[in-house]
Amino acid sequence: MKLATWNVNSVRARLERLLAWLDRHQPDVLCLQELKCTDDAFPAEPLREAGYHAAVHGQKTYNGVAILARRDPADVRRGFPGDPDEAQARLISAEVAGVRVFSAYVPNGREVGSPSWEYKLEWLAALRAHLADACDANRPLAMCGDLNVAVDDRDVARPDAWADSVLCHEAARRALAGLREVGLIDIFRKHHPEGGIYSWWDYRQLGFPRNDGLRLDHLYATPALADRSTAADVDRDERKGNKPSDHAPVVAVFGD
DNA sequence: ATGGTTGCTTAGCAA
């Protein structure tokens, strides 16, 4: 099974790139974030023609998450019990290929100390509580998405420059660690303990040409599923060229 | 350098 996650930063603005990427990489499951559109405006038909079913939790202008899959996603759930603000579409989950797959878009937090920052920490704590209930040792689960936190300094090109940011602050890292503490494994880290590989580069600072990036997009899995992973990589090439998202896709492969 | 770019929506917000 090939499982991927990608913050596309508007699914409509990225549709041609998305279709081309699916054609090249043929994932079994792709978690999307920042759709920036309602369910009605989601381009389900061209994706269906490309061979993918979609479970969508959309929102006008902001946020929005989806799961694309070769087989029709079953038991789709939008939001989660304990979600601090139901109006923000930041989490969807579905049963696909025998795995309970989550696509998550963690709040950015804007600025440390701001209301958005408090909301980010609150949202991560609520997600942790939900996953503590949802994680079952006997059932494979994958938590994928733009988690908007770099796990540690291996995941940051310039750790000093980002140290006090909402993406690296100790409180955010502790909150993200909470997701692993319920029993989830960082699949990418398993295959790249050395670090130095990123999934997001700021548009504003023109970070990509300097590879001034952070690893913010993650694939977490329950231990038995994690044991089956054979590779994980960032498709850095997708960040190149005309009109890229500011995030690159992250892909993991699992054996039987 | 409180800069810079992008997308949605239409001047301002979020990232």
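Order of the sequence lines fixes the chain letters, A, B, ..., with proteins taken first and strands second; residue numbering starts at 1 for each chain. Bear in mind the structure is a predicted one, so any value in this text is a computation, not a measurement. What's counted below: heavy atoms across the whole structure, side chains too, no hydrogens, waters or symmetry copies.
Legend: ring-ring contact (aromatic ring centres under 6.0 Å, His included) pairs involving residues 49-79 of chain A, not counting sequence neighbours: none detected. Residue pairs meeting the ring-ring contact (aromatic ring centres under 6.0 Å, His included) criterion with at least one member in residues 138-190 of chain A, sequence neighbours excluded: A:Trp117-A:His169, A:Trp162-A:Trp200, A:Phe188-A:His192.
Applying the ring-ring contact (aromatic ring centres under 6.0 Å, His included) test to A:Phe254 and every residue at least two apart in sequence or in another chain returns nothing. For A:Arg78, there are no salt bridge (charged side-chain N to carboxylate O under 4.0 Å, His left out) partners, not counting sequence neighbours. Judged as a salt bridge (charged side-chain N to carboxylate O under 4.0 Å, His left out), and not counting sequence neighbours, A:Arg110 has no contacts.
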B/S/- along nucleotides 5-15 of chain B (protein heavy atoms under 4.0 Å) is BSSSS---BSB

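For the P atom pair drawn from B:dC8 and B:dG3, the interatomic distance equals 24 Å after rounding to whole Å. Taking atom P on both B:dA1 and B:dT6, the two are 24 Å apart, rounded to the nearest angstrom. Taking the P atom of each, B:dT9 and B:dA14 are spaced 14 Å apart, rounded to whole Å. Taking the C1' atom of each, B:dA15 and B:dG4 are spaced 13 Å apart, rounded to whole Å.
A:Asp235 and A:Trp21 share a donor-acceptor pair across their side chains, judged by distance under 3.5 Å alone.
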